[in-house]
Amino acid sequence: MNVKRILAVLIVLTVVALAVVIGRHVSEQSAPDLVDALPDSVDIALTDLHYSHNENGVQRWILDADKAEYQRREGLVSIGNIRLRFFESAGFSEVSLVAESGSFDQNRNEIELWGNVVVTTDRHERLTLDRLHYRETTRQLGSDGPVAYRSPRLALSGTGLELDLDRGYLRVKKDVHTTLLPMSE
């Protein structure tokens, strides 16, 4: 009986080893097909991207995106369905934003966002824009397009935006219209 058991174990081990070898061969064969499906300019494609930007051990911002395509030569990452959070901002403990699409330029440390861009703060403020640009060297958000701002006490619309995260100021450049809102009880 021991010979039968040993033979059965050897057969099972052989089948498992064969399955592993075949599985590796099939996965190696499909990798070039996946690479060929990428556009020529894309070096790496990712899903569920999570990128944390730190300076001197301090977390400055976190970028999450459902998809990303990295172009190494240009140092550019095209991103989709973006969530971005800034930390340690003057007057705010956290500033968050979402957008449909964007790009992250690693060489210049700049992020460009477009498509239903919404910025919110921990003070219940909300900005809506079509397009927004972030420059890490100055820690400023900016836009030349239409902007709408809403807080618990103020509604504002205009064209063009400058938001300095370190100094805590927001400036709408032109065509500004404001409405003071009643205090809620």
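Keep in mind that what you see is a predicted model, and the values were worked out from it rather than measured.
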What residues, two or more places apart in sequence or in another chain, satisfy side chain to side chain contact (heavy atoms under 4.5 Å, CB included) together with [X]?
| X | value |
| --- | --- |
| V98 | R83, V118 |
| S143 | L129, L132, L161 |
| D105 | L76, N107, R108 |
| D175 | T159 |

Assess whether side-chain contact (heavy atoms from CB on, under 4.5 Å) is satisfied between F87 and I62, documenting all intermediate values. CA-CA 9 Å; F87 304 101; I62 293 176; 3.8 Å; yes

Distance, nearest 0.5 Å, that separates [atom1] of [X] from [atom2] of [Y]:
| X | Y | atom1 | atom2 | result |
| --- | --- | --- | --- | --- |
| I82 | E100 | CD1 | CD | 9.0 Å |
| T179 | R153 | OG1 | CZ | 12.0 Å |
| Q106 | Q71 | CD | CD | 11.0 Å |
| N116 | D130 | CG | CG | 8.0 Å |
| T138 | D164 | OG1 | CG | 7.0 Å |
| E110 | R135 | CD | CZ | 4.5 Å |

Would a hydrophobic clustering, with Ile, Leu, Val, Met, Phe, Trp and Tyr connected at side-chain separations under 4.5 Å, put [X] with [Y]?
| X | Y | result |
| --- | --- | --- |
| Y51 | L84 | yes |
| V119 | L156 | yes |
| V172 | L181 | no |

Verdict with reasoning, T178 to L154, per side-chain contact (heavy atoms from CB on, under 4.5 Å): CA-CA 7 Å; T178 60; L154 179 72; 4.0 Å; yes

For the residue pair A65 and G80, what are the closest heavy atoms and their distance? CB-O, 3.6 Å

Closest non-hydrogen contact found for W114 with A99 is O-CB, 4.0 Å

If you look only at pairs with a residue in residues 145-167, which of them pass as a ring-ring contact (aromatic ring centres under 6.0 Å, His included), with sequence neighbours excluded? none

With a 4.5 Å limit on heavy-atom distance, are the side chains of [X] and [Y] in contact?
| X | Y | result |
| --- | --- | --- |
| E136 | W61 | yes |
| F104 | E112 | no |
| L141 | F86 | yes |
| E94 | R85 | yes |
| D64 | L49 | no |

Does Q59 have any side chain to side chain donor-acceptor pair (under 3.5 Å) partners at least two apart in sequence or in another chain, and if so, which? S52

Should D144 and K173 count as an ion pair when the cut-off is N to O under 4.0 Å? yes

Is it the case that over 12 heavy atoms from other parts of the model lie below 6.0 angstrom from the NE2 atom of H50? yes

Walk me through it: do V147 and L127 pass the test side-chain contact (heavy atoms from CB on, under 4.5 Å)? CA-CA 7 Å; V147 58; L127 283 164; 3.6 Å; yes

Say whether, by atom type as modelled, one donor and one acceptor occur between the side chain of N56 and the main chain of V58 under 3.5 angstrom. no

